[in-house]
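All chains are named by letter (A, B, ...) in the order of the sequence lines, taking the proteins before the strands, and each is independently numbered beginning at 1.
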There are 2 protein chains.
Amino acid sequence: MIFSSTATHALRAMASLAGGEPSEPVLGRELARRVGLPSHYLSKVLATLARSGLLTASRGAKGGYRLARRPDRIRLIEVVLPFEGQRARPGCLLRPDKPCRNSGACSAHAAWGDMKRTFTDFLEQTTVADIQGGDPGLLAKGPLGLRHPATGAHRGRSAAGRGSA
Amino acid sequence: MIFSSTATHALRAMASLAGGEPSEPVLGRELARRVGLPSHYLSKVLATLARSGLLTASRGAKGGYRLARRPDRIRLIEVVLPFEGQRARPGCLLRPDKPCRNSGACSAHAAWGDMKRTFTDFLEQTTVADIQGGDPGLLAKGPLGLRHPATGAHRGRSAAGRGSA
DNA sequence: GTGATTGTGGATATGCATATCCACAATGCG
DNA sequence: CGCATTGTGGATATGCATATCCACAATCAC
């Protein structure tokens with residue numbers, strides 16, 4: 001699955017948060033329900049995201065979680081990095097600890113370099129707005145399932161024309 | 001690092017094995033020395049690789065490990081799959097358990113699809129011959145460090161022309 | 001056949017990511 | 001000010017990947 005489950009939880013939470021109205025904070029347990037995780041556990045993930053400045057958590061009545069910025073201003077790398085750490089910055093294929101500096105350091109570095117570049121590009125260029133709403137299959141519980149066309153979803157991802165995806 | 005450490009060990013061992021003479025079997029402990037792992041541990045990894053038909057292990061005097069096929073006939077996916085399992089077949093971004101069937105199932109599926117495709121292509125197209133010899137920095141112990149241009153390294157990787165790799 | 005050498009498999013520690021829970025602090029409302 | 005509500009942090013299980021070791025079986029040289 002490439003990403004750790006914790007990072008995936010964070011992505012799901014951010015995606016769900018991006019799907020709603022920006023002005024209304026979402027309760028922790030409500031978010032936990034959407035993501036499908038115990039709220040006590042998700043709260044830790046959310047705390048990390050808040051500490052990273054990706055969302056703001058307001059206490060008290062009418063409190064809850066809100067995105068700190070517009071969803072299209074939050075890149076996935078920011079969401080993943082606090083959880084994956086250096087794992088989000090792939091190194092050499094045969095020596096993951098080394099940063100794969102010179103071209104001769106690791107064989108097949110050309111193919112692997114393409115791989116790394118695509119991976120990094122994806123995390124750098126894709127924003128939370130692009131994954132907004134999360135998995136419809138999961139959110140389809142209440143009368144939801146709609147996908148807000150607002151908030152400026154999908155405003156270009158770079159690396160546009162490729163093979164046949 | 002994307003790949004698990006066990007899978008990386010396997011890749012290193014295969015790369016090291018591909019660097020030598022195909023006719024001469026390599027001792028388990030010699031291979032372990034090159035990879036930098038206790039032989040008792042690497043033996044387990046090698047056993048899995050042998051069971052997968054990627055290398056043959058001959059017992060007795062003059063025994064050791066040999067590649068079962070020419071290095072350029074062994075794709076990296078074959079090496080990684082026994083250790084990574086389904087992790088080598090990435091699914092949906094927000095729902096890793098689901099295979100990301102239809103286009104609407106996961107947002108940002110276009111960008112993620114590119115990512116998955118590149119990842120899969122790398123594993124499918126790159127062969128052990130491409131990573132042959134392993135990390136020179138590690139192998140530079142004896143008079144080694146040479147890189148056999150034979151065996152037909154880099155026989156095309158697809159997804160050729162990209163940005164600036 | 002005998003003995004040395006080699007790989008194979010199982011049983012077993014260790015460490016880390018993951019997950020769960022509980023008590024505390026902070027905030028907002030009346 | 002006091003109470004209810006909310007998030008925060010720490011302490012704590014659990015499971016799995018990783019790693020280590022040891023006894024056995026197979027093979028080859030002599």
Side-chain angles (χ1 to χ4, degrees), chain A residues 1-13 17 23-33 35-68 80-88 96-97, chain B residues 1-13 17 23-33 35-68 80-88 96-97:
Chain A
M1 60 171 76
I2 292 186
F3 293 110
S4 71
S5 48
T6 308
T8 305
H9 297 334
L11 286 173
R12 290 242 287 277
L17 225 39
S23 48
E24 297 179 356
V26 180
L27 264 43
R29 46 172 174 271
E30 166 65 15
L31 208 47
R33 191 189 60 82
V35 177
L37 245 57
S39 55
H40 283 297
Y41 178 44
L42 185 65
S43 65
K44 255 193 137 174
V45 177
L46 295 174
T48 301
L49 289 173
R51 217 177 302 119
S52 303
L54 299 181
L55 50 82
T56 61
S58 42
R59 302 173 194 259
K62 291 181 189 170
Y65 294 97
R66 253 179 306 172
L67 292 181
V80 168
L81 209 52
F83 304 98
E84 299 278 323
Q86 283 307 86
R87 198 152 10 191
D97 47 302
Chain B
M1 58 171 76
I2 292 186
F3 293 110
S4 71
S5 49
T6 308
T8 306
H9 297 335
L11 286 173
R12 290 242 286 277
L17 225 40
S23 47
E24 297 178 355
V26 180
L27 264 43
R29 48 171 174 271
E30 166 64 15
L31 208 48
R33 190 188 60 81
V35 176
L37 246 57
S39 55
H40 283 297
Y41 177 46
L42 184 65
S43 66
K44 255 194 137 174
V45 177
L46 296 174
T48 300
L49 289 172
R51 218 177 301 119
S52 302
L54 299 181
L55 50 81
T56 61
S58 41
R59 300 173 196 259
K62 291 181 190 171
Y65 294 96
R66 254 179 306 173
L67 292 181
V80 168
L81 210 52
F83 304 98
E84 300 278 323
Q86 282 307 87
R87 199 152 10 192
D97 47 303

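Scanning both residues, A/Ser58 and A/Arg66, for their nearest heavy atoms gives OG-NH2, 4.2 Å.
Rounding to the nearest 0.5 Å gives a distance of 4.5 Å between CG of B/Leu17 and CG of B/Leu67. Atom NZ of A/Lys44 is separated from atom CG of A/Leu42 by 12.5 Å, given to the nearest 0.5 angstrom. Rounded to the nearest 0.5 Å, atoms OH (B/Tyr65) and OG (B/Ser43) are 6.0 Å apart.
Atom CG in A/Leu17 sits roughly 11 Å away from atom P in D/dG7 (whole-Å rounding). Atom CD in B/Glu30 sits about 12 Å away from atom P in C/dT6, given to the nearest Å. Put simply, CG on A/Leu27 is 15 Å from P on C/dG28, counting in whole angstrom units.
Remark: A/Arg29 is in phosphate contact with D/dT6, judged by side-chain N or O atoms under 4.0 Å from OP1 or OP2.
With A/Arg12 contributing its side chain and A/Val35 its backbone, the two residues share a donor-acceptor pair below 3.5 Å.
Of the residues near DNA chain D, A/Ala47 and A/Gly63, the one whose nearest nucleotide (by heavy atom distance) lies more toward the 5' end is A/Gly63.
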**Request:** Starting from the C-alpha separation in whole Å, work towards a yes-or-no answer on side-chain contact (heavy atoms from CB on, under 4.5 Å) for B/Tyr41 and B/His9.
**Result:** CA-CA 10 Å; B/Tyr41 177 46; B/His9 297 335; 3.8 Å; yes
**Prompt:** Quick one: what's the B/S/- string for nucleotides 15-30 of chain D, heavy-atom cutoff under 4.0 Å, read 5' to 3'?
**Reply:** ---SBBBB--BBBSS-
